[in-house]
Amino acid sequence: MKSSRLLSTLMLLQAHGRLSARELAERLEVSQRTALRDMEALSAAGVPIVALRGAQGGWELAPGWRTRVPGLDEAELRALLMSQPSALGHPSLAAASERAFGKLLAAMPHKMQTQAASIRARLHIDPEGWHPSHNDLGLLPIVQDAIARDCKLTFLYRRADGESGVRTVDPYGLVSKQATWYLVARAPAGMRTYRISRMQNAVVLAVTFERPANFDLAAHWKSATAQLQQKREQFRTTLAVAADAAAQLTGWCRVSPAPEARLAHALPDAWTTLHVYFENPEEARFIVLGLAARVHVLAPASLRDQVMDEMRAAIGRPPVSLSWPVRPTDGQQR
C-alpha cells in the first residue's frame, strides 16, 4: 500500500511541479504527517526531492529528473478504458481522442493489448441521453486555444432567458459535466461560468492575462456548483407543461418529475407535470410568461396569481385558467 502511495506521490510531483504537504495530503487522502514521512522515504531511496520554505514553498523534484512509469495493473487498465473517447460527446473531440487512445494502446505490451481489446469489446459508452440536448461545441477548439495561451477571449453570449451580449473574459479552464461543456472565466464583475453551446463569434485576442498560480479549477467548480444548487432550491414551482415546453425547461432549469401533481389534476395526454427550480420568483415569472399557453402553474399560488394578473392586463380580459381542475377523489361526488 505504501509503495503504491509513494509512486502516486512521484506522479503528482511530475505532473504538477511544486506541491505543499497539505496539497499532497488532500490528493492522497492521508494526513500531512504521513505525506511528510513519504517525502523522507523517497529522499532516502535516492529520489532528488527539493524542499522549499515560505508561503509559496512546498516539495518538488529536482529540475530534469523524471521516473519511468511501470505497466498498468488490471484495475488501472479497466479504469482507463472506462473513459473511452466516445464519452466526450462530440465527434471531433472523440476522433482526436481515439487517435491518442490508439497510440497509447499500441505502446502497451502485447499481453496487455489483448486484454485491453477484450475489455473494450465488452464496454460501450453512449454519451447521448434519452432526450439529446444538441449542444453545439463548434467553438470548443477556439476556447481551448485561448486557455492554453492565457489570452483574453471575446464572444457573444446568449443567456438561458434569451438575453444576449458581448463578453470579454480571462479564460481559466474548461469543465465537462456529462456531455455539457462550460468555460470558467474571470469577467469584469468576477468569476463566471459560460455554457459553450450558448457562445457565438468567439475570437482569441492578442492580449494576454496572468492566470493565478494557485487557482484550483476543480475546487472552484465544486464551490460554484454548490452555490448554484443552493440558489436553485430557493424557489420551487410545480408546472403542467406541453412536451416541447418540457424539453426547453429541461435545458434551462433543474427539473424533476412531479407524478403526484399529475394524479391530482386532469391533464391532456401530451402534457406532463414537473417540479421546476428557479433562482427566484422573478425568473420563474419571466420564463412562465414566455412559454405562454404551453405551461400552466399548479403551485405556488402566488406565482399563478401573478402570471394571471399580468396576462389579464396584457390581453384586456381574464385569461384561460392557468390551473387545471382538481381530479375528484373516490370519496367526492363526480
Side-chain angles (χ1 to χ4, degrees), residues 1-84 87-88 97 100-101 103-104 107-108 112 116 144 147-150 170-178 181-186 190-191 193 208-229:
M1 182 67 178
K2 181 176 180 180
S3 61
S4 175
R5 190 176 68 244
L6 292 177
L7 178 60
S8 297
T9 301
L10 275 178
M11 296 302 100
L12 285 172
L13 291 175
Q14 280 192 179
H16 300 282
R18 186 182 308 169
L19 290 173
S20 67
R22 178 184 59 80
E23 291 171 325
L24 283 169
E26 289 177 352
R27 292 173 184 269
L28 297 171
E29 297 183 346
V30 298
S31 66
Q32 292 191 38
R33 180 174 296 180
T34 299
L36 291 174
R37 283 200 300 263
D38 288 347
M39 294 296 101
E40 294 173 357
L42 288 172
S43 180
V47 177
I49 293 180
V50 179
L52 301 173
R53 299 182 180 278
Q56 300 298 322
W59 300 86
E60 64 183 24
L61 297 173
W65 192 90
R66 298 188 68 82
T67 184
R68 296 187 62 182
V69 181
L72 301 174
D73 61 31
E74 183 175 352
E76 292 168 338
L77 179 61
R78 290 181 183 275
L80 175 64
L81 296 177
M82 287 292 288
S83 59
Q84 287 192 31
L88 290 172
S97 182
F101 214 78
K103 293 177 181 178
L104 176 62
M108 294 179 176
M112 189 165 288
Q144 287 178 306
I147 293 172
R149 297 194 287 125
D150 289 340
D170 298 342
Y172 280 11
L174 285 167
V175 174
S176 175
K177 188 172 181 65
Q178 294 184 330
W181 287 80
Y182 297 91
L183 167 66
V184 174
R186 178 171 293 281
M191 296 299 297
T193 301
T208 60
F209 66 93
E210 185 174 350
R211 187 179 188 273
N214 60 349
F215 178 73
D216 188 326
L217 180 61
H220 170 80
W221 180 257
K222 182 178 181 180
S223 174
T225 51
Q227 293 177 13
L228 178 61
Q229 189 76 0

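Note that the numbering runs from 1 along the sequence shown for the chain.
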Give, for atom OG1 of Thr9 and atom CG of Leu24, the distance between the pair rounded to the nearest 0.5 Å. 6.0 Å

For Arg149 versus Thr208, what's the shortest heavy-atom pair and its separation? O-CG2, 4.3 Å

Shortest non-hydrogen contact from Ser31 to Thr34? OG-OG1, 2.9 Å

Nearest heavy-atom contact between Gln32 and Ala21 is CG-O, 4.2 Å

Once rounded to the nearest 0.5 Å, what's the spacing between atom CH2 of Trp181 and atom CG of Leu174? 6.0 Å

Please name the pair of heavy atoms, one in Ala185 and one in Pro171, separated by the smallest distance, quoted to 0.1 Å. CB-CA, 3.9 Å

Partners of Arg18 by side chain to side chain donor-acceptor pair (under 3.5 Å), sequence neighbours excluded? Glu60

Going through the checks in order, is the side-chain contact (heavy atoms from CB on, under 4.5 Å) test met by Val184 and Phe215? CA-CA 11 Å; Val184 174; Phe215 178 73; 4.2 Å; yes

Please report the interatomic distance OG1(Thr193) to CG(Leu183), rounded to the nearest 0.5 Å. 8.0 Å

Donor-acceptor pair between Tyr172 and Arg186 side chains, under 3.5 angstrom: yes

What's the verdict on side-chain contact (heavy atoms from CB on, under 4.5 Å) for Asp170 and Arg211, showing C-alpha distance, side-chain angles and the deciding distance? CA-CA 8 Å; Asp170 298 342; Arg211 187 179 188 273; over 6 Å; no

